[in-house]
Amino acid sequence: MLDQPLGLRDLARHYDLAPSVETAEALGGIYQRMSRVVTPMDWAIHAPYVAAINQLKKERNAVILAHNYMTPQIYLGIADFVGDSLQLAVKATEVEADVIVQCGVHFMAETSKILNPAKTVLIPDMDAGCSLAESITPAGVAEMRRRYPGAPVVTYVNTSADVKAVSDICCTSSNAAQIVAALEADTVIMTPDQYLAQNVAKQVPHKRIVWWEGSCIVHEQYTAQDLREFREWNPGTRIIAHPECPPDVVAEADFSGSTKGIIDYVHAEKPEKAMLVTECSMASNIAGELPTVDFVGPCNMCPYMKKITLEKVLHSLHNMTGAVEVDPAIAADARVAVQRMIDMSRRLAA
Ligand code: 13P
Ligand code: SF4
């Protein structure tokens with residue numbers, strides 16, 4: 001629910017937001033896609049919000065870009081485009097609508113704004129942060145440059161615009177190893193995710209990778225021991241881990257990749273049982289399109305991603321609040337690092 005009860009009361013004056021079996025049935029096509037994980041009762045509560053948001057998007061000429069960690073009601077109910085961080089950044093360069101509503105965390109909205117300075121980019125909750133983005137400032141990057149003179153700085157997109165602005169190039173979990181391998185330098189600084197850096201170091205052994213000691217509060221909780229115990233208890237489970245997990249966890253997994261990489265892998269392999277070692281909504285979002293896969297095992301919730309709710313999306317789009325602004329000089333420098341990543345990723349994939 002909205003943090004501000006008054007905001008919700010105000011919305012109810014403009015939209016019929018009472019739980020409704022009729023609206024739930026009218027949007028039955030959308031519900032079909034999430035019926036494995038959302039009960040009909042919950043859908044009757046959420047359907048009026050989905051209907052209101054989808055109508056309002058047309059009136060505002062808005063598109064919703066949603067990360068793979070959004071809840072099924074957002075991911076399957078209102079998103080125009082879903083993806084991992086790289087896909088969302090690339091999509092942001094192609095958007096024609098006047099307004100982008102970023103259903104994800106703040107750095108994702110900032111990236112969309114950096115790539116689209118003329119557009120209105122809304123984030124439904126300004127407090128949707130990220131432990132990685134909070135772990136480093138431009139002073140941290142300067143310190144790394146002092147410690148390793150001449151080494152290029154590869155900065156994960158999970159950072160603020162001012163950190164991107166002082167970096168040489170950005171990366172995401174889907175292109176980090178390729179970007180580091182393609183750089184000419186022998187020593188590469190990776191910020192701020194120590195575990196992503198250590199996982200990349202294993203994939204690019206001929207380079208010296210040094211890192212900032214940030215971590216993701218969701219992925220650092222998994223241990224290799226947990227995975228071993230789970231495998232013993234539930235043999236035959238395919239274990240798939242995000243590269244923000246510690247390297248011994250990734251080593252224990254059958255596959256590691258970005259959120260898009262994980263989705264593609266499960267689609268291609270269709271294992272009988274799959275454990276996604278990542279944020280909880282990932283399995284829920286794809287369960288409907290993979291009816292033969294049993295998603296098993298524990299998952300961890302990202303408290304930042306979960307700040308984005310249907311109520312807050314409607315509130316933000318109705319009132320046009322939560323507009324993300326980036327200082328133009330910082331945005332210009334940050335754009336260079338993000339655009340270099342997009343260009344290099346395209347070149348390396350060609
Ligand atoms: P992806 O780029 O793999 O979607 O990861 C983003 C993220 O925040 C994972 O925690
Ligand atoms: Fe940040 Fe981790 Fe949440 Fe992703 S899952 S947004 S890296 S805290």
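A quick note: this is a predicted structure, and the numbers were derived from the prediction, not measured.
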Please determine whether residues [X] and [Y] belong to a single hydrophobic cluster, defined as Ile, Leu, Val, Met, Phe, Trp and Tyr linked transitively by side-chain heavy-atom distances below 4.5 Å.
X      : Y      : answer
Val153 : Phe107 : no
Leu65  : Met126 : yes
Ile217 : Tyr195 : no
Ile209 : Tyr148 : no
Val338 : Val336 : no

Any side-chain heavy-atom pair of [X] and [Y] under 4.5 Å:
X      : Y      : result
Ile240 : Val266 : yes
Leu132 : Glu244 : yes
Tyr156 : Cys171 : yes
Trp212 : Met144 : yes
Thr259 : His242 : yes

Test applied, side-chain contact (heavy atoms from CB on, under 4.5 Å); reference residue, Met341; option that passes from Thr155, Ile169, Val154: Ile169
Passes salt bridge (charged side-chain N to carboxylate O under 4.0 Å, His left out), Arg231 versus Asp254? Steps please. CA-CA 11 Å; Arg231 234 192 245 290; Asp254 298 295; 3.2 Å; yes
N/O donor-acceptor pair under 3.5 Å between [X] side chain and [Y] backbone:
X      : Y      : value
Lys57  : Ile78  : yes
Asn116 : Lys119 : no
Asn199 : Cys245 : yes
Ser256 : Ala241 : yes
Lys113 : Ala323 : no
Thr23  : Pro19  : no
Asn319 : Ser316 : no
Arg335 : Ile114 : yes
Trp43  : Ala24  : yes
Glu252 : Asp248 : no

Are the charged groups of [X] and [Y] less than 4.0 angstrom apart, N to O?
X      : Y      : answer
Asp125 : Lys312 : yes
Asp333 : Lys164 : no
Glu94  : Lys91  : yes

As an exercise, state the distance from [atom1] of [X] to [atom2] of [Y], rounded to the nearest 0.5 Å.
X      : Y      : atom1 : atom2 : answer
Arg60  : Leu122 : CZ    : CG    : 9.5 Å
Met70  : Gln102 : CE    : CD    : 9.5 Å
Tyr69  : Asp84  : OH    : CG    : 9.5 Å
Ile64  : Leu317 : CD1   : CG    : 6.5 Å
Ile100 : Ile123 : CD1   : CD1   : 12.0 Å
Asn158 : Asp193 : CG    : CG    : 7.5 Å

Before you tell me yes or no, could you show the steps for Asn234 and Lys273 under side chain to side chain donor-acceptor pair (under 3.5 Å), namely the whole-Å CA-CA distance, both residues' side-chain angles and the distance that decides it to 0.1 Å? CA-CA 9 Å; Asn234 206 335; Lys273 289 180 283 183; 2.7 Å; yes
Can you tell me if [X] has over 12 outside heavy atoms packed within less than 6.0 Å of its [atom1]?
X      : atom1 : answer
Met301 : CE    : no
Glu272 : CD    : no
Glu96  : CD    : no
Asn61  : CG    : yes

Nearest non-hydrogen partners of [X] and [Y], listed with the distance:
X      : Y      : answer
Cys103 : Val313 : SG-CG2, 3.7 Å
Cys216 : Ser131 : CA-OG, 3.4 Å
Asn54  : Gly77  : ND2-O, 3.1 Å
Pro124 : Val101 : CG-CG1, 4.0 Å
Leu314 : Ala52  : CD1-CB, 4.0 Å
His318 : Leu56  : N-CD2, 3.5 Å

Report, one line per pair, each donor and acceptor closer than 3.5 Å where one atom sits in a side chain of residues 342-350; sequence neighbours left out.
| from | atom 1 | to | atom 2 | distance (Å) |
| --- | --- | --- | --- | --- |
| Asp343 | OD1 | Gln339 | NE2 | 3.1 |
| Ser345 | OG | Asn175 | ND2 | 2.9 |

Under a single-linkage rule joining Ile, Leu, Val, Met, Phe, Trp and Tyr whose side-chain heavy atoms are separated by less than 4.5 Å, which residues share a cluster with Ile239? Tyr222, Leu227, Phe230, Trp233, Val249, Met275, Val277, Val296
Determine, for cysteines Cys299 and Cys280, whether their SG atoms are under 2.5 angstrom apart. yes
With a cut-off of 3.5 Å and sequence neighbours excluded, list every side-chain donor-acceptor pair involving residues 26-37.
| from | atom 1 | to | atom 2 | distance (Å) |
| --- | --- | --- | --- | --- |
| Tyr31 | OH | Val38 | O | 2.5 |
| Arg33 | NH1 | Leu76 | O | 3.2 |
| Ser35 | OG | Gln32 | O | 3.1 |
| Arg36 | NH1 | Ala287 | O | 2.7 |
| Arg36 | NH1 | Leu290 | O | 3.0 |
| Arg36 | NH1 | Val293 | O | 3.4 |
| Arg36 | NH2 | Val293 | O | 2.9 |

Is there a salt bridge (charged side-chain N to carboxylate O under 4.0 Å, His left out) between Glu232 and Arg228? Walk through the geometry before answering. CA-CA 6 Å; Glu232 253 172 56; Arg228 276 193 293 273; over 6 Å; no
Audit row: His219, Glu279, side chain to side chain donor-acceptor pair (under 3.5 Å) steps and yes/no: CA-CA 8 Å; His219 294 94; Glu279 214 276 343; over 6 Å; no
Would you kindly say whether Lys260 and Ser85 are connected by a side-chain donor-acceptor distance under 3.5 Å? no
Working for side chain to side chain donor-acceptor pair (under 3.5 Å), residues Arg238 and Tyr265: CA-CA 11 Å; Arg238 203 77 68 88; Tyr265 177 87; 2.8 Å; yes
Quick check: Tyr304 with His106 (ring centres under 6.0 Å apart)? no
